[in-house]
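I have placed the structure first, in the form of C-alpha cells, so that the comments after it can refer back to it.
One-based numbering along the sequence shown. All ligand and atom numbering here is 1-based and tracks the order in the structure.
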Amino acid sequence: MSTKALRNFRPDLHYTPKSGWINDPNGLVYAGGKYHLFAQYGPEPQWGDIHWSHAVSSDLIHWQDLPLALAPDSLGMVFSGSAVYDSGNTSGLGAGGRAPIVAMYTSHGDHEQQSLAVSQDGVSFTKYPGNPVIPNREKPDFRDPKVLKNPNGGWTVVLAAGDHVEFYASKDLISWRQTGSFGPGGNLSKGVWECPDLFPLTLGGREVWVLIVSMGACPENLGSRTQYFLGNFDGRTFTSDGSFTKPEFIDSGFDNYAGVTFFGTEERILVGWAANWVYANNLPTGDFCGQMTLPRVLSLVDTPLGGPRLAGAPVSDRLFGEPVPVSGSLPGEVYKLTVSGEGEAEISLSNSLGEAFLFGVDGTGNIYIDRSCSGARDFDPEFAKPEYGRISAPRFFDGPWTLELTFDRSICELFGDRGTRAFTQLLYPTEPYTSIDIKGNARAGISLIK
Ligand code: FRU
C-alpha cells in the first residue's frame with residue numbers, strides 16, 4: 001500500500017500520473033506531430049484493475065494527460081504493448097482510408113493473448129472486434145507485444161514467452177504467423193521475460209540490431225532488471241553476436257524497468273518505468289505511485305574496456321543552461337550536476353538531518369551510487385535492505401571521467417563514460433538536500449533549467 005505522502009515528492013521532469021498507479025510505458029509512438037505515452041494504469045495508488053492511460057507531448061518533457069485509452073474487458077486486463085502509425089493503412093482499419101494509430105496489447109485473463117485497438121484521431125481508441133489476433137491457450141506467460149517495421153517489408157512483432165521471445169510477421173497487423181524465437185538459456189534467460197523491444201542502430205557505419213528484454217524480478221538481479229543483446233535480425237529471427245556471457249543491463253541502477261522505444265522517431269528514444277517490482281507498490285508518494293524515466297536517446301559506442309555498448313543521453317539535457325562551478329550549497333531540488341575527475345572521488349548531497357546521497361568512482365574504478373543513508377527507506381522492508389542501498393558497475397573507459405547527474409526531487413539519473421553507464425534510482429530525502437561536498441580529485445558544475 002502506498003503510504004501517506006511523507007512530503008511532496010513529485011518530480012518536475014519525470015512523467016507521473018496525477019493520481020493512481022502507473023507501471024510500464026506502453027504504445028510509445030510519434031504521430032500527428034506528438035509523442036504519445038501510454039502507461040499501465042490503475043485507479044488506486046497500487047497495482048490493479050489495469051488500463052492504459054494516455055498522455056501526449058511535443059517535447060518529451062511536458063505531458064498533457066488525455067482520457068484513459070483502454071479499459072479491461074471480457075478478455076481480461078489491458079497489459080503492456082505497443083503502437084504504430086500505420087501510414088499506408090495496411091491494416092485497413094483507418095476510416096476513409098486514412099492512416100490510423102494501431103495499438104497491440106496483451107489481454108490478460110485466464111490466458112495471455114494479443115489484441116488490437118485502433119485510433120483515428122490519436123485520442124479515442126476502439127478495440128478490434130476480432131480480438132484476440134494472436135490467441136493463446138497453452139503458454140502461461142505470453143505478453144507485451146512490440147510491433148516494428150519488418151526490414152523486408154510488412155510488420156514484425158516480438159513477444160515475451162517465459163524464458164524466450166518469439167517473432168511473428170504480418171502484412172496487415174491482423175493475421176500473424178510465427179517466424180522465429182530467441183532464448184539463450186542459463187543466466188541470460190533468468191526471470192520471466194517481459195517487455196521486449198527490437199531495433200537497429202549503427203556502429204561505425206555498420207547496422208547492429210539491439211534486442212531489449214526485461215527479466216522479471218529475481219533476487220540474483222536485485223529485482224527488476226532490463227538486459228540487452230546485440231546481434232542481427234534477418235526479418236525472421238534474432239541472432240546474438242555472443243558478446244555477452246552474463247546479463248548486460250541497460251541501466252545499472254535499481255529503478256529502470258520495462259523500457260521500450262518510440263515508433264516513428266528518427267532518433268531511437270527509450271522510456272522505462274522508474275521503479276522496481278520488489279518495492280514499487282509501497283513508495284511514499286501518496287495519491288500517486290509510479291514514474292517514468294527521462295526519455296533517453298540511444299546510441300552504440302565502441303568502448304575501450306567493454307567493446308560495443310548501448311549508451312543513453314536524457315532528452316532533458318537541452319533544458320539546462322551551461323554548468324557553473326558549485327561547492328558548498330545546493331539550490332532547489334531540480335538541477336543537473338556535471339562532475340569531472342580522475343581516480344577515486346565521492347560526491348555527497350546532504351541535508352541538515354544528516355541524510356546524504358553519495359555517488360562517485362571507487363578505488364577499483366567502479367562507478368557507484370549509494371542511497372543507504374539518503375532519506376526515508378523503511379516504507380518498504382525491501383527498499384530498506386542494504387542490497388538496495390549501494391550499487392556499482394565497472395567503467396568502460398580508462399583515465400579521467402565525467403559523471404552527469406540529473407536530480408529531480410525524488411529520482412535521479414546518473415550517466416558516466418559517455419552514457420554507456422547509467423544508474424536510475426528513487427530516493428526520498430526527508431528534507432531537500434542543501435549541501436554538496438566532494439572528496440577526491442574532482443570538480444562539480446551545476447546547471448539549472450534555462
Ligand atoms: C512488466 C509487466 C508486464 C505486464 C505488465 C502488467 O512490468 O509485468 O509483463 O504486461 O507489467 O502490468
- prompt: Side chains of E112 and N136: donor-acceptor distance under 3.5 Å anywhere?
  reply: no
field: Heteroatom distance test (E194, ligand 1): nitrogen or oxygen, under 3.5 angstrom
entry: yes
task: Provide, to 0.1 Å, the distance between atom 10 (O) of ligand 1 and the closest protein heavy atom, together with that atom's residue and name.
output: D144 OD1, 2.6 Å
query: Which atoms of ligand 1 are found less than 4.0 Å from any heavy atom of N23?
result: 5 (C), 6 (C), 7 (O), 11 (O), 12 (O)
query: Would one find an N or O of W273, backbone or side chain, under 3.5 Å from an N or O of ligand 1?
result: no
- prompt: Among F359, F320, Y335, whose ring-ring contact (aromatic ring centres under 6.0 Å, His included) with F407 holds?
  reply: Y335
task: May I ask you to identify the nearest protein heavy atom to atom 1 (C) of ligand 1, giving residue, atom name and distance to one decimal place in Å?
output: D24 OD2, 3.0 Å
field: Where ligand 1 meets F79 - atom numbers and elements under 4.0 angstrom, heavy-atom basis
entry: 4 (C), 6 (C), 10 (O)
query: Going by atom types alone, do D408 and S410 pair a side-chain donor with an acceptor below 3.5 Å?
result: no
message: Quick test: of every protein heavy atom, which one is nearest to atom 12 (O) of ligand 1, and how far off is it to 0.1 Å?
response: Q40 OE1, 2.7 Å
message: Between ligand 1 and T106, can you find any atom pair, the residue atom being a heavy atom, that is separated by under 4.0 Å?
response: no
task: Please state whether the rings of W52 and Y105 are parallel, tilted or perpendicular, taking 30° and 60° as the class boundaries.
output: perpendicular
Test of ring centre spacing under 6.0 Å for F357 and Y433: no
- prompt: If you count the atoms of ligand 1 from 1 in the order shown, which ones are under 4.0 Å from a heavy atom of S80?
  reply: 5 (C), 10 (O)
- request: Run through K146, R143, R225 and flag the one making a salt bridge (charged side-chain N to carboxylate O under 4.0 Å, His left out) with E194.
  value: R143
- line: Near Y257 (heavy-atom distance under 4.0 Å), the atoms of ligand 1 are 1 (C), 7 (O)
query: Could R418 and F396 be counted as a cation-pi pair, given that NZ or CZ must be under 6.0 Å from the ring centre and within 45° of the axis?
result: no
